[in-house]
Student: 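The structure under discussion is supplied below as structure tokens; questions concerning it will follow.
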Amino acid sequence: MKHLSIELYKKMFLIRSAELQIQEIYAQDEMKTPMHMSMGEEAIVAGVVGALNAEDQVLGTYRSHALYLAKTGDTERFYAEMFGKVGGCARGKAGSMHLSALGQGLLCCSAIVASGIPVAMGAAFANKYKNNGKRVAVFFGDGAMDEGVFWETINFCGLHKLPILFICEDNGFAVHTRREKRQRFSSDHQLFENFGIKAFEENTTDPEIIYNTTRNALNHLQTTGQPCFLRFHYYRYLEHVGINEDFDAGYRDREEFLAWREKDPLRMQRQKLLGQGVSLALIEALEHEINAKVEAGIRFARQSSFPAECETYQGVFQCA
Amino acid sequence: MRMITYCDAINEALIQEMERDPSVFIYGIGVPDHKKIFGTTKGILEKFGPARCFDTPIAEDSMTGLALGAAINGLRPIHVHIRVDFLLLAMNQIANLISSFSYGCGGAAGAPLVIRAIVGRGWGQGFQHSKSMHGTFAKIPGLKVICPTTPEDAKGLMITAIRDNDPVLVFEHRWLYWQTGEVAKDSFTIPLGRGRVVKEGKDLTIVATSWMNVEALHAARILERHGVDVEIIDPRSIVPLDEEIIVNSVNKTGRCLVADNDWTYCGFSAEVAALVSSRCFGRLHAPVERLGFAQTPCPTVRRLENVFYPNAEKIVRRVEKMTGLAPIDLSGEVFYSHENRFKGPF
Ligand SMILES: Cc1ncc(C[n+]2csc(CCOP(=O)(O)OP(=O)(O)O)c2C)c(N)n1
């Protein structure tokens, strides 16, 4: 139990630390790529990815810093991609919105809302076809559930009992528009049951609750073959895109944010560790180690070179 | 006359048409929010209320069907997409229903709707946030396609598009939003299918679309200092196309370079090249040349983005090749950098 708590804290701390560094150095204009920050959602990604096996596969959106870091633990290819360097996960061609790590199971991050969801279905289809036991978890925001393709995918996955988890990271907004202004439906349970999909929901910043919920969903998938839909609520700390707060824009109140920050996942988990008897010295040592890894990632990115101009034309096809 | 920005010109056109015609309404993701689609929809919600200016779920396909249904029932919808890339989700409605509606009812009725789509570029927008693709839509019979470049064209063409009884797609390059120009305050129209001579010249014609007009003008100023007098033609509307303005110009200059803000392969630039070779064949002193995006998805990192996009420098180099001009020393030349004005994700 204590081990799990520490592991989840480490995952979350890596994400937070990496993004604090982005905030710190973005103004230097070395990272010429739009930043959709994960700050606030760390517990969801850490909990879900923590519950998956290393061979399981994930897909995300333009807001996938957390997903990439949780799934890979890598900081070098991460930052090098932000800097547009050849050391990046896509040699600088993708930037912040399209992170991937095929070898480690991060298959695709798409910046067209909901477009990765049917791709995840295809990946799950292939896993079932090959009977390899791998599960797919696809991450998306509440906005993705506005799109028809979400429901088309739900229908097919329910029909074919594909090994897939739908992870809705629900921050209540699509850019600046509240969910109530976009969606009439509620009650996931009933809604998804009709499709042969089991729904779960948590409103928490505790990664262990999210971890356990995900484990339950995976068990359900294992025993019944039914796909699962998991809605986890969180609050987006920063603007939709960019590294700043935007509480002066008028579409949401700082009060809302402050209420969530009271239960900030990082701070809560740290307190929990101390409560479990983990020494402050140990926690600080872990944090120090992770910060060093983040700094090493940035150093690596700065030292990596830009792609040569001829690379523009390379990689369009696999077979020329 | 009054100077205003391209962005304000669009805003003014929308407001004046909504005042004039109560059947006009505007909607799309983020249309009424505080960012106001880069400012182009500011004041509209306040003036006309939420029945005529509203946000939508993220559902491009069905929201485009809404435009068609409303249009054939007497309204004049304006649907806005903050990126062309998101418009692609509505391709079924556009290519299978909207484009063929008039034809499919034997010409009995049209589909008077406007779709505005913004071309993103810069700060690592990458391959899913920077497409242009006016040529792709232009090749579908039944759609009108315009790419206004100046504030005046933005206003005059937008008003015409709204009044037109056919579907009109408006491609707006976001770098143009801050360009200023003289624009009449009162409502006015510019007919579709009429190009504009941006600059007169006698040695070579550049047919430029959208942002490429800005680059072409810069190139023309450099070339002028080296004795090459370039004529620039902005077709403004891709469908219908003002063929005469292009043909007349090339018949005069004998050389034609097409600078398109899109991929070249199977694109609008190929269309112009075919037109010119068919109608100006005997007058050409050199083969028609084309500049456009590299035939790749758009890369994110700046160094490759610079290779991907054509600009004034590449125009100069191509013109040198076409005219036999010795290479110009461009080392002192400052080329347009968007970041001098604007930095960051949007
Ligand atoms: C198909 C499509 N339409 C519109 C957009 C513009 N857009 C980018 S993010 C976004 C909101 C998505 O909200 P949500 O799915 O809840 O994810 P969040 O940003 O909150 O993580 C929109 C409308 C897009 N990227 N793709």
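The shown structure was predicted, so the numbers you read here are calculated from the model rather than taken from an experiment. Chain A is the first sequence line, chain B the second, and so forth, proteins listed ahead of strands; every chain is numbered from 1.
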Student: Can you name the closest pair of heavy atoms from A:V316 and B:P297 and give their distance?
Tutor: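 Residues A:V316 and B:P297, closest heavy atoms: CG2-CD, 4.1 Å.
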Student: For residues 39-55 of chain B, give me every residue with a non-hydrogen atom less than 4.5 Å from any non-hydrogen atom of chain A.
Tutor: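 The stretch touches chain A at B:D55.
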Student: Looking only at heavy atoms, what is the nearest atom pair of B:T300 and A:G95, with distance?
Tutor: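 The answer is CG2-CA, 3.8 Å.
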Student: May I ask you to test the A:V113-B:F86 pair for a side-chain heavy-atom distance under 4.5 Å?
Tutor: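 When only atoms from C-beta onward are counted, B:F86 and A:V113 do not touch, as no gap falls below 4.5 Å.
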Student: For the atom pair OG (A:S115) and CG (B:D85), what is the distance rounded to the nearest 0.5 Å?
Tutor: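 With rounding to 0.5 Å, OG (A:S115) is 11.0 Å from CG (B:D85).
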Student: Between B:F127 and A:A94, which heavy-atom pair has the shortest distance, and what is it?
Tutor: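 For B:F127 versus A:A94, the nearest heavy atoms are CE2-CA, 4.1 Å.
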Student: Taking the side chain as every heavy atom from C-beta outward, state whether A:M97 and B:H129 have any atom pair closer than 4.5 Å.
Tutor: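 Result yes, sub-4.5 Å side-chain heavy-atom pair found.
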Student: Do B:Q128 and A:H98 make a side-chain contact, defined as non-hydrogen atoms from C-beta onward lying under 4.5 Å apart?
Tutor: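 Yes. Closest side-chain heavy atoms under 4.5 Å.
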Student: At a heavy-atom separation under 4.5 Å, does B:T296 approach chain A through its side chain, its backbone, both, or neither?
Tutor: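 For B:T296, heavy atoms of backbone and side chain both lie under 4.5 Å from chain A.
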Student: Who passes salt bridge (charged side-chain N to carboxylate O under 4.0 Å, His left out) against A:E311, sequence neighbours left out?
Tutor: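 So A:E311 forms a salt bridge (charged side-chain N to carboxylate O under 4.0 Å, His left out) with A:R91.
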Student: Considering only heavy atoms, which portion of A:M31 lies under 4.5 Å from any heavy atom of chain B: side chain, backbone, both, or neither?
Tutor: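 For A:M31, the backbone is the part near chain B, not the side chain.
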Student: Kindly compute the distance separating NZ (B:K35) from NE2 (A:H240), expressed to the nearest 0.5 Å.
Tutor: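 The NZ atom of B:K35 sits 9.0 Å away from the NE2 atom of A:H240.
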Student: Can you tell me which of A:G92, A:G84, A:G88 forms the most heavy-atom pairs within a distance under 4.5 Å of chain B?
Tutor: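 Highest number of heavy-atom pairs under 4.5 Å: A:G92.
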Student: Would you find more than 12 non-hydrogen atoms of other residues, nucleotides or ligands less than 6.0 Å from B:K314 atom NZ?
Tutor: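 Yes, the 6.0 Å shell around NZ holds more than 12 heavy atoms from other groups.
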Student: Quick check: closest heavy atoms across A:A308 and B:R303, and the distance to 0.1 Å?
Tutor: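 A:A308 and B:R303 have their closest heavy atoms at CA-NH1, 4.1 Å.
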Student: So, for A:T312 and B:P299, which heavy atoms are closest and what is the spacing to 0.1 Å?
Tutor: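 The pair with the smallest heavy-atom distance is CG2-CG, 4.4 Å.
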Student: Quick check for you: to the nearest 0.5 Å, what is the distance between A:T177 atom OG1 and B:I29 atom CD1?
Tutor: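 Answer rounded to 0.5 Å: 8.5 Å.
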Student: On a heavy-atom basis, which atom in B:G124 and which in A:P34 lie closest, and how many Å separate them?
Tutor: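 Shortest heavy-atom contact: O-CD, 3.2 Å.
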Student: So if I take each residue of residues 89-101 of chain B and look for any heavy atom under 4.5 Å from a heavy atom in chain A, which residues do I end up with?
Tutor: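 If one takes a 4.5 Å heavy-atom cut-off, the residues of residues 89-101 of chain B near chain A are B:L89.
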Student: Checking heavy atoms, do the side chain of B:E305, its backbone, both or neither come under 4.5 Å from chain A?
Tutor: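 Neither part.
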Student: Kindly assign one of parallel, tilted or perpendicular to the pair A:Y26 and B:W123, based on the angle between their ring planes and the thresholds 30° and 60°.
Tutor: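 Rings of A:Y26 and B:W123: perpendicular, over 60°.
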Student: With rounding to the nearest 0.5 Å, note down the distance linking CD in B:E60 to CD1 in A:I112.
Tutor: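 Taking CD in B:E60 and CD1 in A:I112, the distance rounds to 8.5 Å.
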Student: Would the distance check show the side chain of A:D146 and the main-chain N or O of B:P57 forming a donor-acceptor pair, the cut-off being under 3.5 Å?
Tutor: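 A pair under 3.5 Å: no.
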Student: Which atoms of A:S96 are under 4.5 Å from chain B, going by heavy atoms: the side chain, the backbone, both sets, or neither?
Tutor: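 Neither part.
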Student: For A:E30, give me all partners under salt bridge (charged side-chain N to carboxylate O under 4.0 Å, His left out), at least two apart in sequence or on another chain.
Tutor: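 A:E30 satisfies salt bridge (charged side-chain N to carboxylate O under 4.0 Å, His left out) with A:R302 only.
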